[in-house]
Amino acid sequence: MEIFPMYQSALLQDLQARGLIAQITDAAALDELLSRESVTLYCGFDPTADSLHLGHLVPVLLLRRFQQAGHKPIALVGGATGMIGDPSFKATERKLNTPDVIAGWVGKIRGQVEPFLAFDGDNAAIMANNYDWFGSMNCLEFMRDIGKHFSVNAMIKKESVQQRLQREDQGISYTEFSYSLLQGYDFAELNRRHGCTLQIGGSDQWGNIVAGTDLTRRLNQKHVFGLTLPLVTKADGTKFGKTESGAIWLDAKKTSPYAFYQFWLNTADADVYKFLRYFTFLSVAELDAIEAADKASGQKPEAQRILAEQATELVHGRAALEAAQRISHSLFSGNLETLTESDFEQLAQDGVPGVALEKTTAGLIDVLVAAGLAKSKSEARGFLQSGSVAVNGQKVDALDHQIADAERRFGRFTLLRRGKKNYAMVRWP
RNA sequence: GGAGGGAUACCCAAGCGGUCAACGGGAUCAGACUGUAAAUCUGACGGCUCUGCCUUCGAAGGUUCGAAUCCUUCUCCCUCCA
């Protein structure tokens with residue numbers, strides 16, 4: 001255990017023990033405030049895609065943690081800021097999306113955040129959209145009322161934009177450079193409207209958050225706070241939240257609950273106890289007990305299973321978790337021979353990637369490519385030659401293998417496996 | 001404005017007229033081992049109608065029986081001098 005300041009607030013104590021605190025603007029004063037009263041806090045999510053991904057989950061869960069501790073969360077979706085693009089620590093200028101695309105994304109992201117928060121009771125959560133105050137603001141107003149409070153001298157010193165200023169081949173547009181003024185003003189506006197006194201965000205947001213605390217002090221003469229979360233890192237140095245097939249999304253249509261469950265199940269031992277602290281609501285005491293039990297057992301650790309269950313249920317719900325477990329069981333420890341027709345239907349429905357073919361005759365190589373298990377026929381041949389392909393659980397290595405009628409379960413389904421963990425279900429006409 | 005250096009597959013990086021689809025390393029994928037781990041070892045790693053063929057070495061032309069390798073022009077990066 002590292003040495004850390006003793007907070008009086010139970011919430012900060014818990015966050016500290018979970019490793020969820022990177023920086024706080026005025027830790028002592030915030031600690032005092034949080035232990036004294038219910039605080040209104042916010043976190044912003046910009047619509048940069050049609051779904052949030054795992055990187056957004058930590059702050060979303062943090063809003064929930066605050067709410068469970070009796071504080072009032074505001075989830076802000078950046079209908080306005082999303083139209084500008086945050087340059088913080090981004091190597092290149094962003095491509096602007098059209099307003100109607102962004103508006104569509106705002107709706108989706110709103111829908112994804114809402115289930116994590118409670119909208120009743122004294123500390124009911126609030127959904128906000130900064131387009132509400134920026135949409136009608138005119139340019140002169142912005143320049144005079146907001147811009148006047150920002151020093152360009154200070155802004156260009158920020159680490160978050162340094163690489164964009166120093167690199168000759170990558171500039172930064174005036175648009176993106178202005179981003180932190182918008183986010184700064186959000187804080188002031190939420191402070192005025194809802195008495196919001198704390199902003200949370202990833203550690204890359206520190207510069208923008210401080211812009212907000214400064215601006216709120218100047219505009220509203222209010223002392224407000226910022227708290228950042230550490231960047232989620234992996235022990236092996238690779239980027240968290242990505243797999244070979246791309247980002248892990250919270251949207252079940254983009255990343256199935258099964259894939260989501262599998263992602264967590266495959267967490268490295270070196271990371272799993274940290275991730276349990278980040279991504280579950282199990283108490284630190286419970287987590288310590290799990291870790292101790294795993295170390296003592298000398299067997300396969302339980303931590304990955306617990307993490308996968310907790311995280312999947314949290315994001316996709318109980319039913320989706322059970323479906324993911326059902327598939328995982330059939331594919332990895334069950335006997336494929338015993339699957340019934342309705343089990344196959346269920347697998348397809350529950351999220352095993354699949355492809356529907358139109359012809360009934362097909363060489364295995366073509367089917368592997370069609371099912372997305374191989375990028376090209378050459379690759380498919382390579383997989384066959386290395387003995388990594390199985391049809392309905394039976395290893396096949398013949399390059400000219402044709403899918404036979406006997407390999408179509410119930411005349412309709414063929415389950416392909418490439419490597420140990422990549423499955424695809426082929427549906428025949 | 002002047003003088004040099006460079007641009008090679010996902011990344012780094014050899015090659016400098018034929019034996020080059022292009023050394024080597026990393027990443028990735030797969031096999032063995034295992035816990036659907038890690039580490040380690042082994043293999044694959046442009047495409048295809050695959051003992052061969054096609055398309056690739058910043059772009060476009062040219063020389064040559066033959067070019068990633070030579071020539072010309074262009075584009076972009078780096079260093080030094082004004």
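Predicted model only: the values in this text are computed from it and were never measured. We name chains A, B, ... by the order of the sequence lines, and we start the count at 1 in each one.
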What about the rings of A:Phe177 and A:Phe150, do their centers lie closer together than 6.0 Å?
no

Determine the Euclidean distance between corresponding [atom1] atoms of [M] and [N]; express it in Å to zero decimal places.
{"N": "B:rG24", "M": "B:rA44", "atom1": "P", "answer": "11 Å"}
{"N": "B:rU69", "M": "B:rG17", "atom1": "C1'", "answer": "6 Å"}
{"N": "B:rC70", "M": "B:rC57", "atom1": "C1'", "answer": "16 Å"}
{"N": "B:rG47", "M": "B:rU40", "atom1": "C1'", "answer": "33 Å"}
{"N": "B:rA7", "M": "B:rA13", "atom1": "C1'", "answer": "13 Å"}
{"N": "B:rA3", "M": "B:rC74", "atom1": "P", "answer": "14 Å"}
{"N": "B:rG46", "M": "B:rU56", "atom1": "P", "answer": "16 Å"}
{"N": "B:rG58", "M": "B:rA68", "atom1": "P", "answer": "10 Å"}

Partner residues of A:Pro353 under the side-chain contact (heavy atoms from CB on, under 4.5 Å) criterion, sequence neighbours left out
none

Give every pair of a protein N or O atom and an N or O atom of nucleotides 34-38 of chain B that lie under 3.5 Å apart, one pair per line with the distance.
| residue | atom | partner | partner atom | Å |
| --- | --- | --- | --- | --- |
| B:rU34 | O4 | A:Lys420 | NZ | 3.4 |
| B:rG35 | O6 | A:Asp269 | OD2 | 3.2 |
| B:rG35 | N1 | A:Asp269 | OD1 | 3.3 |
| B:rG35 | N1 | A:Asp269 | OD2 | 2.8 |
| B:rG35 | N2 | A:Asp269 | OD1 | 2.9 |
| B:rU36 | OP1 | A:Lys300 | NZ | 3.3 |
| B:rU36 | O2' | A:Asn266 | OD1 | 3.0 |
| B:rU36 | O2' | A:Lys421 | NZ | 3.4 |
| B:rU36 | O2 | A:Gln262 | OE1 | 2.9 |
| B:rU36 | N3 | A:Gln262 | OE1 | 2.8 |
| B:rU36 | N3 | A:Gln262 | NE2 | 3.1 |
| B:rU36 | O4 | A:Gln262 | NE2 | 3.1 |
| B:rA37 | OP1 | A:Lys421 | NZ | 2.9 |

Spacing between [X] atom [atom1] and [N] atom [atom2], to the nearest angstrom:
{"X": "A:Lys375", "N": "B:rC48", "atom1": "NZ", "atom2": "P", "value": "12 Å"}
{"X": "A:Asp366", "N": "B:rC48", "atom1": "CG", "atom2": "C1'", "value": "12 Å"}
{"X": "A:Arg418", "N": "B:rA44", "atom1": "CZ", "atom2": "C1'", "value": "12 Å"}
{"X": "A:Phe383", "N": "B:rU28", "atom1": "CZ", "atom2": "P", "value": "14 Å"}

Set of residues satisfying salt bridge (Lys or Arg N to Asp or Glu O under 4.0 Å) with respect to [X], sequence neighbours excluded:
{"X": "A:Asp50", "result": "A:Lys254"}
{"X": "A:Glu341", "result": "A:Arg412"}
{"X": "A:Arg318", "result": "A:Glu313, A:Glu322"}
{"X": "A:Lys253", "result": "none"}

Is the positively charged end of A:Arg409 above the ring of A:Phe344, judged by distance under 6.0 angstrom from the centroid and angle within 45° of the axis?
no

How do A:Lys395 and A:Glu379 order along RNA chain B: which one's closest nucleotide is nearer the 5' end?
A:Lys395

Just checking A:Gly382: base, sugar-phosphate only, or nothing, at a heavy-atom cut-off of under 4.0 Å?
nothing

Under 4.5 Å between any side-chain heavy atoms of A:Phe119 and A:Met127, yes or no?
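Answer yes - side chains close enough.
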
Would one find more than 12 heavy atoms of other residues, nucleotides or ligands at under 6.0 Å from atom CZ of A:Phe134?
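Atom CZ in A:Phe134 is packed in, count exceeds 12.
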
What orientation do A:Phe279 and A:Phe275 show, parallel under 30°, tilted 30 to 60°, or perpendicular over 60°?
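Ring orientation of A:Phe279 relative to A:Phe275: perpendicular.
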
Regarding A:Arg277 and A:Asp288, does a basic nitrogen lie under 4.0 Å from an acidic carboxylate oxygen?
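Looking at A:Asp288 together with A:Arg277, the answer is yes, because their closest N to O distance falls below 4.0 Å.
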
Could you tabulate the donor-acceptor pairs under 3.5 Å formed by side-chain atoms of residues 66-82 of chain A, not counting sequence neighbours?
| residue | atom | partner | partner atom | Å |
| --- | --- | --- | --- | --- |
| A:Gln67 | OE1 | A:Ala118 | N | 2.9 |
| A:Gln67 | NE2 | A:Ala118 | O | 2.8 |
| A:Gln67 | NE2 | A:Asn123 | O | 2.9 |
| A:His71 | ND1 | A:Val39 | N | 2.9 |
| A:Lys72 | NZ | A:Ala124 | O | 2.8 |
| A:Thr81 | OG1 | A:Asp46 | OD1 | 2.7 |
| A:Thr81 | OG1 | A:Asn130 | ND2 | 2.9 |

Does anything in residues 385-393 of chain A come within less than 4.0 Å of RNA chain B? Heavy atoms only, and list the residues if so.
A:Ser386, A:Gly387, A:Ser388

Short of 4.0 Å, heavy atom to strand atom, which residues of residues 307-326 of chain A count as contacting RNA chain B?
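Heavy-atom cutoff 4.0 Å gives no residues at all.
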
Name all stems that contain residues of RNA chain B, defined as runs of 3 or more consecutive Watson-Crick or G-U wobble pairs, both distances under 3.5 Å.
B:1-7 with B:75-81, B:10-12 with B:24-26, B:28-32 with B:40-44, B:46-48 with B:52-54, B:58-62 with B:70-74

Residues pairing under side chain to side chain donor-acceptor pair (under 3.5 Å) where one sits in residues 100-111 of chain A, two or more places apart or in two chains, turn out to be A:Thr98-A:Asp100

According to ring pair (Phe, Tyr, Trp, His ring centres under 6.0 Å), does anything in residues 290-324 of chain A pair up with another residue at least two apart or in another chain? List the pairs.
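Counting only pairs at least two positions apart or across chains, the ring pair (Phe, Tyr, Trp, His ring centres under 6.0 Å) contacts touching residues 290-324 of chain A are A:Phe260-A:His316.
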
